[in-house]
Protein chains: 2
Amino acid sequence: MRTTLCREEMMDCLLEVFRRDGVEGASVVDLMRAVGLQKGSLYHHFPRGKTEIAEAVLEHVERLFEAMVFSPLREAATAVDGVAAMCHALEVYFAQGRKVCLPALIGLGPTRDQFGTAIEGFFQRWIKALADAFIKAGMPADAAMLMAEQTVVDIQGAIVVARALGQSEPFLRAMKRANQRVALP
Amino acid sequence: MRTTLCREEMMDCLLEVFRRDGVEGASVVDLMRAVGLQKGSLYHHFPRGKTEIAEAVLEHVERLFEAMVFSPLREAATAVDGVAAMCHALEVYFAQGRKVCLPALIGLGPTRDQFGTAIEGFFQRWIKALADAFIKAGMPADAAMLMAEQTVVDIQGAIVVARALGQSEPFLRAMKRANQRVALP
DNA sequence: GTCTATAAAGCGATAGAC
DNA sequence: GTCTATCGCTTTATAGAC
């Protein structure tokens, strides 16, 4: 059995800690245990400490969404297919609303400004990818932007409510609405 | 000038600290400064410390929403009036999406389970108050519950996206949708 | 009911051996 | 590149004077 993790595996472990505990709630000891390294070794990989780890994790999330959501939306034959692929991936990634969206959690918290560029970019790119899919399906650009924003808003709100109520149904209903929105005229 | 604050004024100050910094991010020193008391005095009011303060603040939020949202929804002549009153109050309370919803922030974070009952109750009562308004307007009970949930989801998601993008527009558009949703057949 | 002083633990971060 | 050991600071919480 291998005892050391490659970079991508490390980022996955670190991401899970931040998603569970938040950036303030997660300690360096928590992060260090998650990747199976001692404190000094973790600081070797990330000399600026927790801030640098959080920055790297946010870039990792961006890459995950590029592969999981943005790219499928761009390359699907129809907008219906693209949204369906997105929803399937999100249902797994957000564990039906039990796991949170790290950029959203950071955006609501006190460290928002510190990671402002990454947070803004994440949501802008997500909304843009959706809008482009809607435009490709024949929708006017301004209407597409509004519907794209509403879709992301709906999904983020569904995670908040699903987590708060301890139920998956609000999240699953948002997935259904996302598919219906693009299927109608 | 008065130097000591009454209980309600104290709760307002403490709430603002938690809304800005979160429960993990806020230190006892932050809370103590916000109410203008020294450490020992704050522990006199809340012997169990930060946990007890957070519990009391969540009860305070519940009371604020009862007066600001739930009661207007119940007592308005029409559902349209009730939702309009709610949206007007929310636009002030959430500062057009610049300030967060504490129960939502806690619900996404690591202390969710610790305050589970308060968080669940807050969202259940909000959704219930909206559903009752929709039922009073002639909507079937099951459709009313779904529309109520979708309205709260939309508002919470709008706060997430507005904060993340540093714009008020996504929040204001959600307010518009809330009013339109109840105005249509 | 407010204050000062202090305890005890955990935190992020660094130094240096291997 | 990983480890152990430790520094200095902040944290929550308590004790006791006024």
Side-chain angles (χ1 to χ4, degrees), chain A residues 1-60 102 105-106 109-115 118, chain B residues 1-58 60 102 105-106 109-115:
Chain A
M1 174 192 160
R2 201 166 32 125
T3 58
T4 52
L5 286 63
C6 74
R7 174 97 182 177
E8 284 297 286
E9 288 170 326
M10 262 183 58
M11 299 317 298
D12 279 331
C13 294
L14 295 170
L15 169 57
E16 286 312 300
V17 176
F18 281 134
R19 288 178 86 188
R20 195 188 56 214
D21 296 340
V23 175
E24 302 85 49
S27 74
V28 175
V29 174
D30 295 329
L31 297 165
M32 159 203 133
R33 282 190 190 138
V35 293
L37 286 177
Q38 293 303 318
K39 209 168 282 197
S41 312
L42 194 60
Y43 273 92
H44 172 78
H45 291 281
F46 305 97
R48 295 195 347 271
K50 205 165 82 166
T51 302
E52 186 172 353
I53 298 177
E55 289 166 1
V57 165
L58 280 174
E59 287 171 27
H60 179 64
L102 183 62
L105 181 57
I106 294 177
T111 54
R112 195 224 94 110
D113 291 348
Q114 198 176 353
F115 306 104
Chain B
M1 173 192 161
R2 201 165 32 126
T3 59
T4 51
L5 286 63
C6 74
R7 173 95 183 179
E8 284 297 288
E9 289 171 325
M10 263 184 57
M11 299 316 299
D12 279 331
C13 295
L14 296 169
L15 170 57
E16 286 312 300
V17 176
F18 281 134
R19 286 179 88 187
R20 196 189 57 215
D21 296 340
V23 175
E24 301 85 48
S27 75
V28 175
V29 174
D30 296 328
L31 297 165
M32 159 203 132
R33 281 192 189 136
V35 294
L37 285 178
Q38 294 303 315
K39 210 165 283 194
S41 312
L42 194 59
Y43 274 93
H44 172 78
H45 290 282
F46 305 97
R48 294 194 347 272
K50 205 164 82 164
T51 303
E52 186 172 354
I53 298 176
E55 289 166 1
V57 165
L58 280 175
H60 180 65
L102 184 61
L105 181 57
I106 295 178
T111 53
R112 196 222 94 109
D113 292 348
Q114 198 177 349
F115 306 105

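The chains referred to below are lettered A, B, ... by the order of the sequence lines, with proteins before strands, and numbering in each begins at 1.
A 4.5 Å side-chain heavy-atom check between L37(A) and H45(A) finds at least one atom pair inside the cut-off. Under the 4.5 Å side-chain criterion, counting only non-hydrogen atoms from C-beta, F18(A) is not in contact with I106(A). Considering only heavy atoms from C-beta on, E8(A) comes within 4.5 Å of H60(A) through its side chain.
Rounded to whole angstrom, the span from the NZ atom of K50(B) across to the P atom of dG10(C) amounts to 15 Å. In this structure, Y43(A) places its OH atom 5 Å from C1' of dA13(C), rounding to the nearest Å. Here dT14(C) presents its P atom at 15 Å from CZ of F46(A), a figure rounded to the nearest Å. Here the P atom of nucleotide dT14(C) and the CD atom of E52(A) are 11 Å apart, to the nearest Å.
Think of the region where chain B sits on DNA chain D: with heavy atoms and a 4.0 Å cut, that region ends 5' and 3' at dT11(D) to dT14(D).
As judged by a 4.0 angstrom heavy-atom cut-off over every strand, G49(B) is placed among residues touching the sugar-phosphate backbone only.
The main-chain N or O of M32(B) is never found under 3.5 Å from a side-chain atom of K39(B) such that the two would form a donor-acceptor pair. In terms of modelled atom types and a separation under 3.5 Å, the side chain of K50(B) and the main chain of L31(B) share no donor-acceptor contact. A side-chain donor-acceptor contact under 3.5 Å links E9(B) to the backbone of C6(B).
Taken from CG in L5(B) to CG in L14(B), the straight-line distance is 9.5 Å, to the nearest 0.5 Å.
Scanning residues 15-31 of chain B for heavy-atom distances under 4.0 Å to DNA chain D yields A26(B), S27(B), V28(B).
Every residue two or more places apart in sequence or in another chain was checked for a salt bridge (Lys or Arg N to Asp or Glu O under 4.0 Å) with R7(B), and none qualifies.
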